[in-house]
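One structure is given below, encoded as structure tokens.
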Amino acid sequence: MEIRKSEVKDLDILMDIFSQAREFMALQGNPHQWGDGYPKKELIEADIKSGCSYVCTEGEKILGTFYFRVGSDPSYGKIYDGAWMNEEPYGVVHRVATGSHKKGVASFCLNWCFKQFGNIRIDTHKDNIPMQGMLEKNGLKKCGTIILDENGDTRIAFQKTK
């Protein structure tokens with residue numbers, strides 16, 4: 001598997017992967033995290049244009065996608081019921097989604113992010129048990145709860161640092 005920046009020509013495939021991810025989450029008891037059709041096409045287009053959208057490929061096939069950038073996230077400014085592992089600069093990982101093609105894609109993406117920057121933060125919904133398991137399996141630690149700036153929803157916050 002390899003990671004590359006997403007391109008506008010990938011948009012339809014990415015939206016299909018997000019649709020598959022929403023279906024999987026609903027089947028796993030997490031229908032609310034992305035239940036309203038999140039992420040919208042306009043957001044993914046903006047991610048691509050900003051250079052922060054990536055795809056995981058095998059040959060020519062796109063297996064998964066994610067958002068990654070180094071820099072602060074406004075939603076991570078305040079944490080409840082815990083604390084971040086440090087206050088050093090960090091990489092932000094969002095919108096990790098994989099198709100139903102192959103196991104280990106999300107872990108590969110997350111480990112790629114950590115290799116780019118050895119201090120990463122990510123969050124997920126309390127009902128997203130598969131994602132929580134994948135994060136913990138890859139060495140991320142639960143740090144507390146954050147509140148998303150965009151809609152006020154709460155999420156479990158994770159961090160991994162060298």
Side-chain angles (χ1 to χ4, degrees), residues 1 3 6 10-48 52-58 61-69 72-85 90-114 119-161:
M1 290 187 281
I3 302 293
S6 303
D10 301 326
L11 195 53
D12 289 339
I13 296 167
L14 299 186
M15 297 314 295
D16 183 55
I17 289 172
F18 285 118
S19 178
Q20 290 177 55
R22 281 191 299 276
E23 288 175 27
F24 176 79
M25 286 193 287
L27 289 171
Q28 297 298 313
N30 181 22
H32 304 293
Q33 183 174 354
W34 288 359
D36 61 352
Y38 180 88
K40 301 290 184 205
K41 195 172 197 173
E42 296 78 22
L43 177 60
I44 302 309
E45 278 182 300
D47 288 352
I48 292 169
C52 297
S53 176
Y54 294 85
V55 292
C56 178
T57 62
E58 192 167 63
K61 187 171 187 138
I62 295 175
L63 305 175
T65 183
F66 61 95
Y67 173 98
F68 176 74
R69 74 173 169 76
S72 63
D73 185 301
S75 294
Y76 295 170
K78 191 161 190 171
I79 189 165
Y80 304 89
D81 303 320
W84 293 112
M85 296 170 73
Y90 57 91
V92 177
V93 185
H94 290 307
R95 295 184 276 289
V96 177
T98 65
S100 55
H101 317 81
K102 182 175 181 163
K103 292 211 176 271
V105 174
S107 290
F108 186 84
C109 295
L110 199 61
N111 286 312
W112 181 90
C113 293
F114 191 69
N119 190 26
I120 59 173
R121 294 180 182 180
I122 188 171
D123 63 84
T124 194
H125 194 278
K126 67 178 177 57
D127 294 336
N128 197 339
I129 304 305
M131 177 63 100
Q132 291 175 48
M134 187 276 299
L135 295 173
E136 290 174 345
K137 178 181 86 173
N138 285 286
L140 282 92
K141 306 289 183 211
K142 283 185 189 177
C143 293
T145 304
I146 56 104
I147 298 173
L148 299 178
D149 276 6
E150 58 265 21
N151 61 16
D153 288 352
T154 61
R155 296 288 187 264
I156 300 171
F158 290 81
Q159 184 173 9
K160 181 176 181 179
T161 189

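Quick caveat: nothing in here was measured; it's all calculated off a predicted structure. Quick note: residue numbers are just sequence positions, from 1.
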Requested in this report: Starting from the C-alpha separation in whole Å, work towards a yes-or-no answer on side chain to side chain contact (heavy atoms under 4.5 Å, CB included) for Met134 and Leu110.
Outcome: CA-CA 9 Å; Met134 187 276 299; Leu110 199 61; 3.8 Å; yes
Any chance you could measure [X], atom [atom1], to [Y], atom [atom2], to the nearest 0.5 Å?
X      : Y      : atom1 : atom2 : answer
Asn111 : Ile3   : CG    : CD1   : 10.0 Å
Asp123 : Ile156 : CG    : CD1   : 9.5 Å
Leu63  : Thr98  : CG    : OG1   : 8.5 Å
Ile48  : Ser53  : CD1   : OG    : 5.0 Å
Met131 : Glu136 : CE    : CD    : 12.0 Å
Asp47  : Tyr54  : CG    : OH    : 11.0 Å

Which heavy atom of [X] sits nearest to which heavy atom of [Y], and what is that distance?
X      : Y      : answer
Ser107 : Asn138 : OG-ND2, 2.8 Å
Tyr76  : Trp84  : O-NE1, 3.1 Å
Val105 : Cys56  : CG1-SG, 3.9 Å
Ser6   : Thr65  : OG-OG1, 4.2 Å
Ile17  : Gly99  : CG2-N, 3.8 Å
Arg95  : Phe18  : O-CE2, 3.7 Å

Query raised in the report: Are Gln159 and Lys141 close enough, and set up right, to give a side chain to side chain contact (heavy atoms under 4.5 Å, CB included), and what steps lead you there?
Result: CA-CA 5 Å; Gln159 184 173 9; Lys141 306 289 183 211; 6.0 Å; no
Can I get a per-line list of side-chain donor-acceptor pairs under 3.5 Å for residues 142-154, giving both atom names and the distance, sequence neighbours left out?
| from | atom 1 | to | atom 2 | distance (Å) |
| --- | --- | --- | --- | --- |
| Asn151 | OD1 | Asp153 | N | 2.9 |
| Asn151 | ND2 | Asp153 | OD2 | 3.3 |

Requested in this report: Start with the C-alpha gap between Val92 and Ile120, add the side-chain angles, then the distance that decides, and say whether side chain to side chain contact (heavy atoms under 4.5 Å, CB included) holds.
Outcome: CA-CA 6 Å; Val92 177; Ile120 59 173; over 6 Å; no
Query raised in the report: Who pairs with Gln33 by side-chain hydrogen bond (donor to acceptor under 3.5 Å, both in side chains), at least two apart in sequence or on another chain?
Result: Asn30, Asn128
Query - Tyr90 six-ring face occupied by Arg121 cation (under 6.0 Å, within 45°) - result: yes
Report task. Flag this pair as yes if the NZ/CZ of Lys160 is under 6.0 angstrom from the six-membered ring centre of Phe114 and inside a 45 degree cone about the axis; otherwise no. Result -> yes
Query raised in the report: Please walk me through it: do Lys78 and Tyr80 pass side chain to side chain contact (heavy atoms under 4.5 Å, CB included)?
Result: CA-CA 7 Å; Lys78 191 161 190 171; Tyr80 304 89; 3.3 Å; yes
Report task. Would you check if Gln28 and Ile129 make a side-chain contact, meaning some heavy-atom pair closer than 4.5 Å? Result -> no
